[in-house]
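Counting starts at 1 for both ligands and their atoms, following the listed order.
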Amino acid sequence: MHDDGALVEKRIDRFVRERLRPAVHRASVPLRVDAWSVTDAPVPFSEAVRQSYTAFGTGRAWGRPWGTTWFHVTGTVPVEWAGEAGTRVELVVDLGFSRATPGFQAEGLVWTPDGIILKAVEPRNRSVPLRARPGGQVDLYIEAAANPDVTSGFTFVATDQGDPATAGTDQIYRLKRVDLALRDEAVWQLSQDFWTLTGLMRELPVGLARRAEIRRALESCIDAMDPDDVAGTAGLGRAALAAVLARPANASAHRLHAVGHVHIDSAWLWPVRETVRKVARTFSNVLSLMEENPDFAFPASSAQQYAWLKEHYPELFARVKAQVAAGRFVPVGGMWVESDTNMPGGEALARQFVAGKRFFIEEFGVEPLEVWLPDSFGYSAALPQIMVAAGSRWFLTQKTSWNETNLMPHHTFRWEGIDGTQIFTHFPPVDTYNAQLSGEELARAERQYAEKGAANTSLVPFGWGDGGGGPTEEMIAAARRTASLGGSPTVELSTPRRFFEAAEAEYPEPPVWSGELYLEFHRGTYTSQARTKRGNCRSEHLLREAELWACAASVSSGAEYPYDALEQAWQTVLLQQFHDILPGSSIAWVHQEAERNYAAVADALTTLIEVSARQMCGAGDGAVTLNAGPYSVGGISGLGGGEATETDAVSTPPAPRATVRRPPARRPRARQRPRGRHDRR
Ligand SMILES: [Zn+2]
């Protein structure tokens, strides 16, 4: 037989590009677009909907960097679509998306006129299913964020756009498309068949019979169809692929638990304020996907991100809460944010869990047992003890696969900390937390999995991260097709908990890795943005002192404990320990904001310390020095206080003092609390 494999594979690619993809929509009509631009910070829907909008056609430029434009889109679903069986009506939007990575450019959120969020639109997720019937009216608002791409193709060269003061006012996007479209469901399904099969085919060895079998099936499919009537012959095409799609996986195929995922950096190449909107966009996509896919569950970490949703998008939060109760929206991680773990102190790392788990338990009645840090920049050997003490059972990351020199030899193991505590740990061998479930990714996961022979199960997190919008219906379609598909690993839509329980049962005695999980990458993160790092360090010390003296004042004099003020300060500090803020890897805007926040935290805590000291010491006119350290200094015992003496006076830069001068002071001189070794600079 002649070897025409290469020729046939080119024919398949051309058919997909020129015939199949263009046929996914049977028809489309443009909607009327009016626009209103926000001149400053984003505004809530209730304010945007009251503004006066002016006519705005597609093709026009919009959006200064970091600006927001609201598009009001209206129209009628064509009555002639009434007879079109096997279709769905959808809104298709192109805000001027580029080929840059999703999540690092424009994004939009679609609202109904009564303020209900439908779904987001992003570069790889541009459609919104609508319930409008033929002849019915469409009336929607799109909140479009003109977030600039500051990555320069991920070269990270210096940019003016990382700070609104220097980002300029030129409009950086051009509205390309706002249409109603009629999606042909059979053609869409066939398109997913092709995507999965061609992806698998290219991963199989050229000499393998299965590769040739898939190629012939795809060729037969194209032969069976009329290229000028793809919609009319899609059924014939799908029938031609049925047998090759039904071929089951090998008995020893690698088992993948596919877990819907979105890695939303709490700030990075955008400010915190934009992350709030990224969370709303992504979570609304997930809720929309859940309506269509009853077996789809979605884990998401970071209590802070749910707290933002609760504060800014209560209606969306209520829907998330209902899905958490149904076991489909799954809080994971148990931390306030996915923090850095090298620079925060042990107390702060513990507080990440205390604050995170408390939120999840109080809001949802759920305690996450998986520690979820896919992207933090290396992992302190103190963590296993803290994780286990917090009640967690499992740990997931994959960041160490970014190491420049030494590759970790395991994907599943017990990680042992400095005190001997061990925690069951998994690194997804797919080496990404933004998988699409492509043939290439699935094959890579199987190929790289290091526990072969001893175990055979790994986790693959799928979904576009940051502002990319999370999992898509195309990814779920890929998971369905690879549930059991000859030549492919098996893929099961799953949750972190189901994965870890299966992995632990399969591999009860995995290897033990003892000590730090150092990341051989991002090394400048220990030294860049020194003011942000100093702010964190100072805040941690002040928080301890404020809690100590507030507690002492409460016990000794019945003073009211300033719970809310301390919780607010902790939450700010915990947020800023996020793995792109404290390490100093964010844009200028983020670090300017971080420094302002640390200054506000220092002011608030200094005031709390002074108030507590006055409550403890009562009225009088002497000076008292409090020693927040553990050891006696200058005659004042550790964690105690007493009459100040000359030896207490320390000439150092200004710092919050626990010394209280009670007016009128008889000995007016500057004093400061004795400093512990952690205070030395
Ligand atoms: Zn990250």
Do Asn434 and His263 have a side chain donor and acceptor closer than 3.5 Å?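 No pair is found: no donor N or O on one side chain lies under 3.5 Å from an acceptor on the other.
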
Phe364, Trp308, Tyr306 screened by ring pair (Phe, Tyr, Trp, His ring centres under 6.0 Å) with Phe317, the one that passes: Phe364

Does Glu404 come within less than 4.0 Å of Arg523, counting only side-chain N to carboxylate O?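 Yes, this pair counts.
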
Is the closest basic N to carboxylate O distance between Glu492 and Arg255 below 4.0 Å?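 The answer is no: the pair does not qualify as a salt bridge.
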
Is the distance from the Zn ion (ligand 1) to some N, O or S atom of Asp466 under 2.8 Å? no

Is the distance between the Zn ion (ligand 1) and the nearest N/O/S atom of Glu338 smaller than 2.8 Å?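 Given the 2.8 Å cut-off, Glu338 does not count as a ligand of the Zn ion (ligand 1).
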
The Zn ion (ligand 1) to Asp265: nearest N/O/S atom name: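 The Asp265 atom nearest to the Zn ion (ligand 1), restricting to N, O or S, is OD1.
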
For the Zn ion (ligand 1), find the closest N/O/S atom belonging to Asp375 and write down its atom name.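 It is OD2, the N, O or S atom of Asp375 closest to the Zn ion (ligand 1).
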
Kindly give the heavy-atom pair with the smallest separation between Ala455 and Tyr507, and that separation in Å.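 That closest heavy-atom pairing would be CB-CG, 3.7 Å.
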
Roughly, to 10 degrees, what angle do His579 atom NE2 and His263 atom NE2 form around the Zn ion (ligand 1)? 110°

